[in-house]
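See below for the structure under consideration.
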Amino acid sequence: MSDAKAPVATAYPKRKIQLVDFLLSFRWIIVIFFVLPFSFLYYFSIYLGDVKSERKSYKQRQMEHDENVKEVVKRLGQRNAEKDGLVCTARPPWVVVGMRNVDYKRARHFEVDLSKFRNILDIDTERMVAKVEPLVNMGQMSRVTIPMNLSLAVLAELDDLTVGGLINGFGVEGSSHIFGLFSDTVVALEVVLADGKVVRATKDNEYSDLFYAIPWSQGTLGLLVSAEIKLIPVDQYVKLTYKPVRGNLKELAQAYADSFAPKDGDQDNPSKVPEMVEGMIYGPTEGVMMTGMYASRNEAKRRGNVINNYGWWFKPWFYQHAQTALKRGEFVEYIPTRDYYHRHTRSLYWEGKLILPFGDQFWFRFLLGWLMPPKIALLKATQSEAIRNYYHDHHVIQDLLVPLYKVGDCLEWVHREMEVYPIWLCPHRIYKLPVRPMIYPEPGFEKHKRQGDTEYAQMYTDVGVYYVPGAVLRGEPFDGSEKCRQLELWLIENHGFQAQYAVTELTEKNFWRMFDNGLYEQCRRKYKAIGTFMSVYYKSKKGRKTEKEVQEAEQEKAEQETPEAN
């Protein structure tokens, strides 16, 4: 039985109201009159640029790409290692989808401009591979591939997420229980190394170590300039089934596992495993599990079938639409494939409710819903340091990667310590590889033959915790930094991993207890990244990084590794 119990509202004294609370309550004014209009103009300008690029031949795009790579190599050659700071991209600190606000760029650094790398270079329908540059985003990819009845094998839900961020960091989607994380679908990587050498890394060539080390490295091994990614055939619609479930948190977790993982272990049987999966936990006793299968236009338009053209701006936010299953009971509908892929974009999952408290109301959706979502970069650019610190302490945005059999334990921990709802569940594989990258399955997992596992991969789940904790909503004290640190320690003890777009509260020693640094440090030495690119821990670490702090850390690492390197 679950030990989840509703916290007692009177257990803590009320938190003192601060000026920042007042500012946040009226932040919607800035969002409506500044952020949304400028977001629309930004998205439109990017769209025009994408259309212009798509009118060029693949050959012309490749030629421009080659010239841009030469400029990157030339720029790296201009760096004086003794005088210039560590290398990083020229994007402003706030132009990032994540919570870190790129604090490391506040130290002196040597900028390399990658802003031109935003083109789809080739769609190879014979090899079923897309060659793309790192700033190509998911909205751009789906707009090009869906009309061809193709898609990336793992296409992350938010339009703004870029290929480079999903490879160097982490990306997951409703098909990840079949294909793994976004980085698992990569066929080849084109990387500019610290010394300016341009290499193509695959899993079976001389740079295979680099190929496996780049995911989760946060761009600290080299500059990614293109990637070749697996494509899959898709149909025009997704047949989506919404199934309400009730019970304690352990029972909800089991219902979630049962929705896509056959108990007989036949995990690779397409007749038993849906093509799309996600779950949403709306409270400690109820949730909705969604499973989808691709469907043709003819099937979707058969008499009696319900089509939900979810792409219209005035439609209810997806998480609220799914929640209706708790009252309606199980139901099925057909959603156009591209609409399904980007179902969480308009509301930014449920974070949109915090940004615009009335954003989910029909009058707002009908009148201004076409302006949604606000550009995350503009939201960050318009927040003061006080608001930024407030979010760190009173708001949770974490993706927790935990083994499938421990999802119930994770849900109970989050309820007990944070009380954040809704919670997003998305299953994904972590593969057993010939080398050990930064994240890896539990040693010997295959011997246990647990639900969802196969001989070659362990089934994990991304537990998405995004919202304001219950204590904050009730006006009670909440130490966000300490709770996140405790959460990270829980992940370490349960062989889980934290997505690095969020800040880490861990010491460097504990950070490397969570992640394996063997292959990563080997590649840092081999490809001369030490002293050129900041280490992934310092990129993830919370707080400002002074030039002195960063340089001393890199110098210490270089001195430690020099004997081995020789």
Side-chain angles (χ1 to χ4, degrees), residues 93-106 156-158 160-162 164-172 181-183 215-220 344 348-351 354-355 376-377 379-380 383 387-402 410 413-414 417-426 428 438-439 460-469 472 478-492 494 496-508 510-515 534-545:
W94 43 269
V95 186
V96 171
V97 178
M99 289 295 290
R100 282 185 287 124
N101 211 39
V102 198
D103 281 319
Y104 62 88
K105 287 191 177 181
R106 299 173 188 269
E157 284 87 351
L158 299 184
D160 263 2
L161 297 175
T162 63
L166 294 167
I167 292 174
N168 282 309
F170 134 91
V172 69
L181 297 175
F182 188 90
S183 55
W216 293 78
S217 70
Q218 298 293 326
T220 60
H344 292 298
L348 300 175
Y349 287 89
W350 30 91
E351 285 287 306
L354 291 176
I355 299 165
I376 295 176
L379 288 171
K380 294 170 71 174
Q383 69 183 22
I387 291 177
R388 180 168 170 249
N389 291 334
Y390 181 93
Y391 280 137
H392 278 308
D393 294 334
H394 301 92
H395 181 227
V396 178
I397 294 187
Q398 297 280 353
D399 280 278
L400 319 173
L401 279 56
V402 299
C410 184
W413 193 98
V414 171
E417 303 295 337
M418 293 182 169
E419 197 187 355
V420 172
Y421 292 101
I423 295 175
W424 188 60
L425 302 178
C426 185
H428 64 90
M438 286 181 66
I439 71 166
Y460 267 63
T461 286
D462 176 3
V463 180
V465 185
Y466 331 119
Y467 209 62
V468 177
V472 176
F478 181 82
D479 188 340
S481 296
E482 176 59 21
K483 289 298 183 184
C484 285
R485 188 187 70 84
Q486 293 174 10
L487 175 58
E488 290 178 296
L489 292 175
W490 185 92
L491 288 172
I492 291 172
N494 289 275
F497 307 95
Q498 175 199 38
Q500 294 166 352
Y501 70 81
V503 296
T504 181
E505 302 286 348
L506 294 174
T507 63
E508 186 169 9
N510 279 334
F511 183 84
W512 292 120
R513 287 177 62 207
M514 180 182 295
F515 300 101
M534 185 182 295
S535 75
V536 67
Y537 170 71
Y538 276 89
K539 290 191 77 169
S540 303
K541 179 185 174 184
K542 180 183 177 181
R544 294 176 180 269
K545 284 79 172 173

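- Evaluation of the side-chain contact (heavy atoms from CB on, under 4.5 Å) rule for Asn494 yields Lys406, Trp490 as partners, not counting sequence neighbours.
- Note: Phe511 and Phe515 have tilted aromatic rings, judged against thresholds of 30 and 60 degrees for the angle between ring planes.
- Every residue was checked against the ring-ring contact (aromatic ring centres under 6.0 Å, His included) condition with Phe182, not counting sequence neighbours, and none meets it.
- Taking the side-chain hydrogen bond (donor to acceptor under 3.5 Å, both in side chains) definition, one finds that Gln486 meets it with Glu482, sequence neighbours left out.
- Applying the side-chain contact (heavy atoms from CB on, under 4.5 Å) criterion to Pro215, with sequence neighbours excluded, gives Ser183.
- Residues meeting the side-chain hydrogen bond (donor to acceptor under 3.5 Å, both in side chains) test with Asp399, sequence neighbours left out: Tyr466, Tyr501.
- Note that CG of Leu506 and CZ of Arg513 are 9.0 Å apart. Values are rounded to the nearest 0.5 Å.
- One finds the CG atom of Asn510 at 5.5 Å from the CG atom of Leu489 (value rounded to the nearest 0.5 Å).
- For the atom pair CD (Glu488) and OG1 (Thr507), the distance works out to 9.5 Å, reported to the nearest 0.5 Å.
- Residues passing the side-chain hydrogen bond (donor to acceptor under 3.5 Å, both in side chains) test with Trp413: none are found, sequence neighbours excluded.
- With rounding to the nearest 0.5 Å, the separation of CD in Gln218 from CD in Gln500 is 4.5 Å.
- Distance check, rounded to the nearest 0.5 Å: OH of Tyr349 to CD1 of Ile423 gives 14.0 Å.
- His428 is not listed as a side-chain neighbour of Thr461, based on a closest heavy-atom distance of 4.5 Å or more.
- Here the CG-CZ distance, from Leu181 to Phe497, works out to 10.5 Å after rounding to the nearest 0.5 Å.
- Looking at residues two or more places apart in sequence or on another chain, you find no salt bridge (charged side-chain N to carboxylate O under 4.0 Å, His left out) involving Glu351.
- Contacts of Tyr467 classified as side-chain hydrogen bond (donor to acceptor under 3.5 Å, both in side chains), with partners at least two apart in sequence or in another chain: none.
- Remark: Ser217 engages Asn168, Ile214, Thr220, Leu221, Tyr520 in a side-chain contact (heavy atoms from CB on, under 4.5 Å) (not counting sequence neighbours).
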